[in-house]
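For clarity, every value in this text was computed on a predicted model and none was experimentally measured. So you know, we letter chains A, B, ... as the sequences are listed, proteins then strands, and number each from 1.
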2 protein chains.
Amino acid sequence: MVTSVDGDVLKVLADPLRMQIVRLLAREALCTTHLVEETGAKQTNLSNHLRALRDAGLVDTEPCGRFTYYSLRPEAIAALAAELAGLAATAREASAAGRRRSC
Amino acid sequence: MVTSVDGDVLKVLADPLRMQIVRLLAREALCTTHLVEETGAKQTNLSNHLRALRDAGLVDTEPCGRFTYYSLRPEAIAALAAELAGLAATAREASAAGRRRSC
DNA sequence: GTAACGTATCAGCCCATGGTGACGTCAGTC
DNA sequence: GACTGACGTCACCATGGGCTGATACGTTAC
């Protein structure tokens, strides 16, 4: 299949807290301390979610002294957006053509 | 916030079987029987997932005798794609400007 | 060195959710 | 009417994954 929407990325983004992190990181790079303040979540919890985001290739980390800056990787999000847009285009086309499999 | 990526839609799409259903429905409208053949999943299981997709506004149903046709709603997918694209654009801009919060 | 701080890892609990079987409902066929 | 096939709903079980506390590690300040 040409466009295989990455299930892992979707699963990672499906969590509300991780989505909130992604939204915050889209605006500016932050370190864990900031995210604790912004989200109100425990540091341990955030560290787990950040690891999930890192493993999925959604964020980059940059150590800075004893801090660690997290920043969003626009390509990852853009790739997912493009794949979904392609899916939507296919569906629109199929819908316009009234394509359906007979029973 | 202007763009609030719908967490429900993401959560629904995060399931691999549901994503497979969405991909199949993007090409043509199908009824449950077809989906059972294509996916190999149990009818009951599919019915549950289809309900989730319907509740999330991702698919439309159209009764046809004793069959039920399911079709993808392109708008729902397109809206999600657009929101994600917006997020990616914001992130790209922030990254280019080197925006980061000081510790 | 020691203390304080930022961050990561681990083990455990608990809840949400996917899968399944039994059953009910509705439409078409005889 | 009785039967069959298409779908949906419900109750149950099992697994996954999110949250937490304890703890470890590395860095900076004193």
When all nucleic acid strands are considered with a 4.0 Å heavy-atom cut-off, which category describes C31(A): base, sugar-phosphate, or nothing?
sugar-phosphate
If the condition is side-chain contact (heavy atoms from CB on, under 4.5 Å), which residues does T68(B) pass it with, not counting sequence neighbours?
T61(B), Y70(B)
Which residues satisfy the side-chain contact (heavy atoms from CB on, under 4.5 Å) test with E93(A), sequence neighbours excluded?
R99(A)
Apply side chain to side chain donor-acceptor pair (under 3.5 Å) to [X] and list each qualifying residue two or more places apart in sequence or on a separate chain.
X: Q20(B); value: none
X: H34(B); value: none
X: N45(B); value: H49(B)

Return the set of residues passing salt bridge (Lys or Arg N to Asp or Glu O under 4.0 Å) with R101(A) (not counting sequence neighbours), or none when no residue passes.
E28(B), E38(B)
R100(B): salt bridge (Lys or Arg N to Asp or Glu O under 4.0 Å) partners, not counting sequence neighbours:
E62(A)
Could you check whether any side-chain heavy atom of R18(B) comes within less than 4.5 Å of a side-chain heavy atom of V22(B), counting everything from C-beta outward?
no
Do D8(B) and D55(B) come close enough that some side-chain heavy atom pair is under 4.5 Å?
no
Anything under 3.5 Å between a donor and an acceptor, one on a side chain of residues 71-80 of chain A, the other on a protein residue two or more places apart or in another chain? List them.
residue, atom, partner, partner atom, Å
R73(A), NE, E75(A), OE1, 3.3
R73(A), NH1, G57(A), O, 3.2
R73(A), NH2, E75(A), OE1, 3.1

Could you go over nucleotides 14-17 of chain C and give all protein N or O partners under 3.5 Å, atom names and distances?
residue, atom, partner, partner atom, Å
dT17(C), OP1, K11(B), NZ, 3.1

Separation of atom NE2 in H34(B) from atom P in dC7(D), rounded to whole Å
9 Å
Could you tell me the separation between the CD atom of Q20(A) and the P atom of dG18(D), rounded to a whole number of Å?
15 Å
Give me the residues of residues 42-51 of chain A where at least one heavy atom lies under 4.0 Å from an atom of DNA chain D, by number, or none.
K42(A), T44(A), N45(A), N48(A), H49(A)
Using a 4.0 Å cut-off on heavy atoms, which residues in residues 57-69 of chain B reach DNA chain C? List them by number, or say none.
G65(B), R66(B)
Not counting sequence neighbours, list each pair that qualifies as a salt bridge (charged side-chain N to carboxylate O under 4.0 Å, His left out) and has a residue in residues 63-72 of chain A.
none
Which residue lies more 5' along DNA chain C, comparing T33(A) with L17(B) via nearest heavy atoms
T33(A)
So does Y70(B) get a side-chain nitrogen or oxygen closer than 4.0 Å to the phosphate oxygens (OP1/OP2) of dA6(D)?
no
